[in-house]
Amino acid sequence: MKRKYIIYLALSVSFILSISFSFYYYTQALKYGQQIDGGKDNQSAIPAYHFALIGEEMDHDYWRLVGEGGKDTEEKYDVFVEYTGPRRSNPEEQLELLDIAIKSKVDGIIVQALNDNFLPMINKAVNEGIPVITIDTDAPDSRRSTYIGTDNYEAGRLAGKTLVEDTNGEATVGIVTGSFDNAHHQLRVQGFREMVKQEEGIKIVAIEESNITRVTAEEKTHQMLKEFPEIDALYGTSALDGVGMAQAMESLHLKNDEMYLIAFDILPENVELMEQGIIDVLIEQKPYEMGYHSIELMLDLMKDKPVKDTYYTDVNVVRVQDLIKKRDGL
Ligand code: BGC
């Protein structure tokens, strides 16, 4: 009798256990199925489009914002954005990444076109059926579909106009530019020169390149200020030139009111220097928006929607008062 009871008990326990296991695995299988079929509004787990977004330098606050803008579109659209770039600015490596994206047959490529060497590679992508959008720096003579970013010539003019107004048309200027070879920096210098050339009281006495690093910007500014001690205004065209210039001023014990400093980009270090009264004006670009909208434009291209030749993102003159207003939510 006791043996029979034990057998019944064992049978009932294994029955209940097998039912529970079956139910558990059934619900797990359902969940897995949902992951495969659904996600964002019934989209597939493998995104519909794979785009490559290739910037100038991964380890850089400005490009991090471009990348974030691009990646954030993944939350809204059925895309995978592969954000990539050389660790340190290196046009050859950037071109290799472009070539890899072509060989990987991505659906679309968004790339900063630093100089004329990018043209053949952009055209190669388009000839192979991969649409290309340029970002931050344009290659208008290439077969790219559209450009999104700053109007770099106009941004240079805006910097020149601001300097003329702020110095009452009297200044001896030294320029530090990211690179002599890069289209956007050339345009930022050309636009600036164009604006100040009508002013008799403004002289540009030196121009050097920083290779977009704060260390070289500091070295070059230091040399420049030694050679031309009459310089009383500095213009920096790439995001870290302002920081390098400020460091050179510090090492030469120059006071803030002895030097007018105008530079590019709202990055934390630049903002801090502006709050300390060292940087007078920052030309604000919109790197996050560039990244985000470049993906939306690429999606338009995927759906054969018409796009314009260029999409210029906003550029603003920012002074310390603007930072305070922004902080106070005014
Ligand atoms: C430019 C970027 C550049 C960055 C470098 C920005 O002002 O728009 O192209 O990579 O400066 O510091």
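Since the structure is predicted, the reported quantities are computational estimates derived from the model, not experimental observations. In listed order, ligands and their atoms are each counted from 1.
Lys71 and Glu68 are not joined by a salt bridge, as no carboxylate oxygen comes within less than 4.0 angstrom of a charged side-chain nitrogen.
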Derivation of the side chain to side chain donor-acceptor pair (under 3.5 Å) call for His293 and Glu296: CA-CA 5 Å; His293 297 310; Glu296 294 191 315; 3.0 Å; yes
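Environment of CD in Gln276: crowded, with over 12 heavy atoms of neighbouring residues, nucleotides or ligands closer than 6.0 Å.
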For a distance cut-off of 3.5 Å, show me each N or O of ligand 1 paired with any protein N or O, plus the separation.
from     : atom 1 : to     : atom 2 : distance (Å)
ligand 1 : 7 (O)  : Arg188 : NH1    : 3.0
ligand 1 : 7 (O)  : Asp265 : OD2    : 2.5
ligand 1 : 7 (O)  : Gln285 : NE2    : 3.1
ligand 1 : 8 (O)  : Tyr62  : OH     : 3.3
ligand 1 : 8 (O)  : Asp136 : OD1    : 2.8
ligand 1 : 8 (O)  : Arg188 : NH2    : 2.9
ligand 1 : 8 (O)  : Gln285 : NE2    : 3.0
ligand 1 : 9 (O)  : Gln112 : NE2    : 3.2
ligand 1 : 9 (O)  : Asp136 : OD1    : 3.3
ligand 1 : 9 (O)  : Asp136 : OD2    : 2.7
ligand 1 : 9 (O)  : His184 : NE2    : 2.8
ligand 1 : 10 (O) : Glu56  : OE1    : 2.6
ligand 1 : 10 (O) : Trp63  : NE1    : 2.7
ligand 1 : 11 (O) : Ala239 : N      : 3.0
ligand 1 : 12 (O) : His60  : NE2    : 2.9
ligand 1 : 12 (O) : Ala239 : N      : 3.1

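What you find for Ala233 and Leu163 is that their closest heavy atoms are CB-CD1, 4.0 Å.
Between Tyr235 and Phe192, the ring planes are parallel. Angles under 30° get that label, and only those over 60° would be called perpendicular.
In terms of the side-chain hydrogen bond (donor to acceptor under 3.5 Å, both in side chains) criterion, residue partners of His185 (sequence neighbours excluded) are, by chain and number, Thr237.
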